[in-house]
Amino acid sequence: MSTTPIFRAERLTLHFDAGRTRALDGIDLEVAEGEFVATVGASGCGKSSLLNLIGALDAPTAGERYFRGQPYSVMLDLADFRRRHVGFVFQSFHLIPTLGVLDNVLVPTIGTPGRSAVHRARALELLERLGLADRLQHFPATLSGGERQRAAIARALINKPDLLLADEPTGSLDSANAAQVLDLISDIRRERGLTVVMVTHDAGVSAHADRLVPMRDGKVAAP
Amino acid sequence: MTLLEFALHNVRQRPARNLLTVMAVALGVAAAVALTGIAWGFEASWQKANDARGTDLIVTRLASTNAMPSPFRAEPLQGELRGYPKVRDVVGLLSEMLGVEAGAPPLFVFGWTHGSYLWRHLKLADGRWPAHTDEPAVVIGVVAAGLLAKKVGDTLEIEGRRMPVVGVFESTAAIENGAVLMTLTQAQQTTDKPGKVNVLNVMLDADATDADVNAIKARIRERAPGFVAITSGELVGQNTVVRIAKAMSNATTLIAALVGILIVFNTMLMSVNERTREIGILLALGWHRRTVIQLVCGEAALLTLAGGIAGVLVGVGLTLQLEHLDLLRGKIDANFPLSFLLTMPLLAMLVGTIGGLYPALKASRLTPAHALRQE
Ligand SMILES: Nc1ncnc2c1ncn2[C@@H]1O[C@H](COP(=O)(O)OP(=O)(O)O)[C@@H](O)[C@H]1O
Ligand SMILES: [Mg+2]
């Protein structure tokens, strides 16, 4: 089988503080189209750094990244890449506290082409799917953790990404909400043919993920 | 949600600081508007007076860039001008800014040829006109009457000479309402300039064209070296008082713009620094750097737009008050062309955009991963 992976990393290295911190130390990784990969490992081993590099939120010190075979280094516009292909979900939700749920979901559409009515309809459809239809005008502070993370997932999906990157999405949730969020991500991934790379400590993830990628000290550890 | 709506939303999140910024910008705009209005008011009041009098051309000394053109002998120039084609009338005028009565602000004192067309547009509010050119009497404008607290039957001391007030008049030109008026002969005696005028007013035939005006101008240049014939608008443009007023208003506008830029710069830099993580979120969500720039500059422009609109309103109000200040009463017609009032808020938005540019660039250059790690 020789189909192009959706993402590939080649000797990916990320140093901080002039090399004193080696967050990533020569990562090789392939993620297949539609795959659900869970990255696990001790705190500080470089999981978030890897996710940030996949999502082009940061630039590597060395090494190359490929999206469907195209090197990131030749992409003219990484913001455009993020908007068209990547959706992000964070442990601390990162919702904008002064905006209601619906507006939060619409934030990624600001400054993009397309009619606002279309964006709105899409946001409503996603919020309905994520069980937030009755929370449209609620501010993040008035929502439960599970609801906040579901709003963040709707926001991550508004621009129809190919790749959903989730950095400990259940890390701030109780076990019932964590299970619900994991189920939702897993279901939506199947419904929409998404590729998911998730960083997690959640034992429940093994029931959903196609593959676990263990990490240690900035490297992919032997399984 | 559009970018504009989001920018408006963000501006409303910091009401106290942004209100202060809006007020500072409004203050600057108000000062600029008021001074510009006054500068134009000087200009407009002179032009209005000339237009009201029916004067088409003004003949004056070439180098007269003083507030008042310097005096010269009316003859033989006046006689020569009368013989030009299309010239209906040529009338001498002497005007000076003089201290009238101790304690009162200086006023314009005009001497107009008795019985000439200059007087025709004035309306007598009380009393009568000077009976003949040698009558040592004055008539005063309604505003001057109020300023000096004088009425018909009182006397006025001008250059050490006491003259009775025989009439009070009203004009469509504010500058005349604030003036003291006597016959040319009396003005020449009072200021000790017998036979002299500082302006010859030329009234042309109704069918005179621009070409006729230009022919007259050329002829005077040739026949009377040292003199020019200009339209009232041109005269006003050369007037020193008008020039100084305009220079002051321009300088104020410039200073207000620079101060505005610095204030907005400071406000938006603070705002951007506080919102580093939020900007990181926007970038992580796929926002373009240029969208971040548009957001920050847009917020800055919204602040200054609000300040600009408020400033125009305050500035116009302020000038209408200044106009009634004793020192300025009857000397200016506050004048605000609509285009100017509409331009100010746009100029303010430009100021905001410039002030917001560096903070916007700073925000847009954040590395998303780093910005997200900020508290
Ligand atoms: N911006 C940064 N500056 C300095 N050190 C950083 C930065 N980001 C991450 N690190 C360090 O890099 C290492 C890996 O961090 P991270 O990828 O966040 O680990 P994980 O997500 O697995 O907990 C840690 O030692 C962390 O302190
Ligand atoms: Mg992490």
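Side chains are part of it too, since the values below use all heavy atoms of this structure and drop only hydrogens, waters and symmetry mates. So that the names make sense, note that chain A is the first sequence line, chain B the second, and so on, each numbered from 1.
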A.B. asks: Are Ile281(B) and Arg155(A) close enough that some pair of their side-chain heavy atoms sits under 4.5 Å apart?
C.D. replies: yes

A.B. asks: Can you measure from CG (Leu102(A)) to CE (Met1(B)) and round to the nearest 0.5 angstrom?
C.D. replies: 8.5 Å

A.B. asks: Can you confirm whether Glu128(A) is buried at CD, in the sense that more than 12 heavy atoms of other residues, nucleotides or ligands lie under 6.0 Å from that atom?
C.D. replies: no

A.B. asks: With a 4.5 Å cut-off on heavy-atom pairs, point out which of Gly111(A), Pro108(A), Gly87(A) contacts chain B the most.
C.D. replies: Pro108(A)

A.B. asks: Among Ile96(A), Leu106(A), Thr112(A), single out the residue with the greatest number of heavy-atom pairs under 4.5 Å to chain B.
C.D. replies: Ile96(A)

A.B. asks: Checking Leu295(B) against chain A: side chain, backbone, both or neither under 4.5 Å from a heavy atom?
C.D. replies: neither

A.B. asks: Output the distance between atom CG (Leu78(A)) and atom CZ (Arg289(B)), rounded to the nearest 0.5 Å.
C.D. replies: 8.5 Å

A.B. asks: Quick one: what part of Phe16(A) sits under 4.5 Å from any heavy atom of chain B, side chain, backbone, both or neither?
C.D. replies: side chain

A.B. asks: So which part of Phe81(A) gets closer than 4.5 Å to some heavy atom of chain B, the side chain, the backbone, both or neither?
C.D. replies: neither

A.B. asks: A side-chain contact here means heavy atoms from C-beta on lying under 4.5 Å apart; do Leu57(A) and Thr367(B) qualify?
C.D. replies: no

A.B. asks: Please examine the side chains of His94(A) and Arg277(B), heavy atoms only from C-beta on, and report whether any two atoms are closer than 4.5 Å.
C.D. replies: yes

A.B. asks: Between Asp103(A) and His9(B), does any side-chain donor sit less than 3.5 Å from a side-chain acceptor?
C.D. replies: no

A.B. asks: Answer yes or no: are there more than 12 heavy-atom neighbours, outside Asp28(A) itself, under 6.0 Å from its atom CG?
C.D. replies: yes

A.B. asks: Are Ile110(A) and Thr2(B) close enough, and set up right, to give a side-chain contact (heavy atoms from CB on, under 4.5 Å), and what steps lead you there?
C.D. replies: CA-CA 6 Å; Ile110(A) 293 174; Thr2(B) 63; over 6 Å; no

A.B. asks: Taking CZ in Arg216(A) as the centre, count heavy atoms belonging to other residues, nucleotides or ligands within less than 6.0 Å. Is the count above 12?
C.D. replies: no

A.B. asks: With a 4.5 Å cut-off on heavy-atom pairs, point out which of Thr109(A), Leu99(A), Asn52(A) contacts chain B the most.
C.D. replies: Leu99(A)

A.B. asks: I'd like to verify something: which residue of Glu278(B), Glu5(B), Arg290(B), Gln294(B) has the highest number of heavy-atom pairs under 4.5 Å with chain A?
C.D. replies: Glu278(B)

A.B. asks: Verify, without hydrogens or angle tests, whether Arg82(A) (side chain) and Leu283(B) (backbone) share a donor-acceptor contact under 3.5 angstrom.
C.D. replies: yes

A.B. asks: So does Arg192(A) have more than 12 non-hydrogen atoms from other groups sitting under 6.0 Å from CZ?
C.D. replies: yes

A.B. asks: Go through the atoms of Thr291(B) and report whether side chain, backbone, both or neither lie under 4.5 Å from a heavy atom of chain A.
C.D. replies: side chain

A.B. asks: Check the surroundings of atom CE in Met75(A): do more than 12 heavy atoms from other residues, nucleotides or ligands lie under 6.0 Å from it?
C.D. replies: yes

